[in-house]
Amino acid sequence: MIDKLPKISKLFFNNTKWLEKKQNSILSAAVIITLANIASSISGLVRERLLISSYFNTEATQKAYEAFQVAFQIPDMLFQLIILGALSAAFIPIFTKYKKNNEQEAFRVSNSVMNILLLFFFLASIVVFIFAEKITEYRTGGAFTPRQISLAANLTRIMLFSQFFFAISNFLTGILQSYQRFIIPSLAPVFYNLGILLGVFLFSSQFGIYAAGIGVIIGAFLHMIIQIPYVSRLGYRFNLTFNFNHPGVKELFKLIPLRVLTLSLTELQNLALGFFATSIGNLSFVVIKLALRLMAIPIRLFGVPISQASLPFLSQESSSHKKDRFKKLVLQSVNQIAFLAFPASVLLLILRIPIVRLIFGAHNFPWQKTLMTGKAVAIISLSVGAQAMVQLLIRAFHALKDTLTPFLIIATTVLSYLIFSWIFVFRLNSDVLGIAWATTIVAFIELALFLVFLERKVVNLFFEKTFILKQIKIITSSFLMAVFLYLPFK
């Protein structure tokens with residue numbers, strides 16, 4: 001039996017070599033990411049269905065489920081600001097630049113950046129852990145009960161641990177994507193969802209809603225561990241180094257502040273969503289989160305894959321003086337996203353009730369909540385195309401190492417969101433649909449600003465006849481699709 005182990009290991013290694021395959025074009029990388037995102041989305045919906053089935057039995061468990069959803073926000077905010085702020089600012093372009101000349105130097109830069117940011121994350125997590133209940137109390141509305149505040153605070157403390165695994169994992173993802181390896185990073189979210197499913201399935205009867213928090217930790221660990229062998233094969237080795245004076249580290253940290261400020265605005269919008277929804281009550285936060293989760297699927301399938309796959313290629317072409325190749329890549333990617341995202345938004349709009357019922361309609365999910373979620377999906381689905389294209393446009397700015405312009409644009413859109421949401425919720429006394437309308441309006445404002453400012457930076461990009469005609473054709477085709485789908489559906 002022992003003699004057979006090397007053969008088994010060799011057989012396993014040979015059969016998994018496809019996971020390490022390099023993607024040499026945006027389209028091939030985008031296809032890989034899309035397929036993995038389909039698997040991730042399906043596993044995520046199964047996860048949500050299991051959570052609803054497990055925790056929607058009584059009014060008390062429904063409120064516990066809402067507390068679980070609220071608890072996600074603060075740990076995720078820390079991760080977004082401290083870790084993702086660095087990765088999205090310029091990690092891949094800077095790592096790619098050093099990798100061309102010296103791989104080991106690129107790995108040293110990544111180790112220093114990761115260790116420094118993990119230290120900041122650890123210190124911030126201690127503060128959140130201590131003051132979790134007060135933070136939860138101040139950021140939720142009057143309809144959020146004291147019991148829910150206590151539950152959300154405890155779940156926040158539990159889920160802080162998961163973000164450490166996520167932090168390490170996302171650096172590994174950045175390294176793999178710099179080598180144009182997209183398969184494993186795209187599969188990692190599937191293992192994250194499986195971890196949550198495992199936690200709920202194994203521990204729900206003993207720990208109630210806390211089983212979901214344990215599942216988040218398991219999922220984050222799996223998200224990390226699946227990537228380690230493949231990064232190691234590229235030659236990466238972890239070292240506990242803190243080289244603040246390395247030129248690459250300095251270059252990255254110069255770009256981080258603006259990106260962190262930009263992300264802090266986005267996180268402010270997320271926190272505002274929680275505040276406005278918990279001010280309305282009636283599980284409005286659950287309804288809007290489920291609607292946003294459905295809206296995110298076509299963005300993840302069509303906007304994110306092409307955008308993620310484009311970043312390394314756009315980074316390579318951004319140094320060109322004429323930027324002709326850069327323009328071509330941006331236009332090609334935007335058109336591909338629009339071609340796929342607009343029809344997807346139509347399908348979501350017309351088939352909203354069957355989709356909500358099919359995915360979230362567990363036996364204990366009330367029909368009233370199904371209808372309300374469907375209405376919110378209908379409104380938010382109008383913005384799918386806009387939000388999908390923004391995924392690419394913001395990465396185009398990052399490839400050009402411009403973090404100021406995205407900051408100014410997002411500052412404007414977040415301010416608009418706060419104003420519109422406040423008007424709908426507190427002036428017009430709207431229900432959760434008012435928040436959905438605010439989300440859609442702001443998405444189009446954001447898209448318009450990104451198009452205008454990228455056109456100013458890279459002239460003759462969007463405001464040309466060819467691009468405009470293509471967009472008109474796509475929108476017209478999507479409209480006709482909506483009409484001819486709606487009539488037989490009714």
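Everything quoted here is computed from the prediction, not taken from an experiment.
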Subject >> Other residues, nucleotides, ligands: >12 heavy atoms within 6.0 Å of Tyr210 OH >> reply: yes

Original post:
Can Gln471 and Asn335 be counted as having a side-chain donor-acceptor contact under 3.5 angstrom?
Top reply: yes

Subject >> Close side-chain approach of Glu446 and Gln387, heavy atoms under 4.5 Å >> reply: no

Subject >> Over 12 non-hydrogen atoms of neighbours within 6.0 angstrom of CZ in Phe424 >> reply: yes

**OP:** Identify which one of Ile280, Thr373, Ile380 satisfies the side-chain contact (heavy atoms from CB on, under 4.5 Å) criterion when paired with Ile288.
**Re:** Ile380

Original post:
Is Lys63 salt-bridged to Glu66, cutoff N-O under 4.0 Å?
Top reply: no

**OP:** Using a 4.5 Å cut-off on heavy atoms from C-beta on, say whether the side chain of Ile355 contacts that of Phe360.
**Re:** no

Original post:
Should Ile299 and Gln391 count as side-chain neighbours, where that means a heavy-atom distance under 4.5 Å?
Top reply: yes

Subject >> ring pair (Phe, Tyr, Trp, His ring centres under 6.0 Å) partner of Phe166, the single match among Tyr192, Phe121, Phe171 >> reply: Tyr192

Subject >> Donor-acceptor pair, side chain of Ser383 and main chain of Ala386, under 3.5 angstrom >> reply: no

**OP:** Take Tyr417 and Leu273, measure what side-chain contact (heavy atoms from CB on, under 4.5 Å) needs, and give me the verdict at the end.
**Re:** CA-CA 9 Å; Tyr417 178 82; Leu273 169 67; 3.6 Å; yes

Subject >> Candidate list His223, Arg47, Glu48, test side chain to side chain donor-acceptor pair (under 3.5 Å), partner Asn193, passing option >> reply: Arg47

Original post:
Would a 4.5 Å heavy-atom cut-off, applied to side chains only, mark Phe426 and Ser279 as touching?
Top reply: yes

Original post:
With Pro406, which of Leu408, Asp402, Ile409 fulfils side-chain contact (heavy atoms from CB on, under 4.5 Å)?
Top reply: Asp402

Original post:
Roughly how far apart are Leu261 CG and Phe407 CZ, rounded to 0.5 Å?
Top reply: 5.0 Å

Subject >> Atom CD of Gln206: over 12 foreign heavy atoms under 6.0 Å >> reply: yes

Original post:
Just wondering, do Asp76 and Glu267 contact through their side chains at under 4.5 Å, heavy atoms?
Top reply: yes

Subject >> Separation of Gln73 CD from Thr156 OG1 (nearest 0.5 Å) >> reply: 9.0 Å

Subject >> Neighbour count >12 (heavy atoms, 6.0 Å) for atom NZ, Lys375 >> reply: no

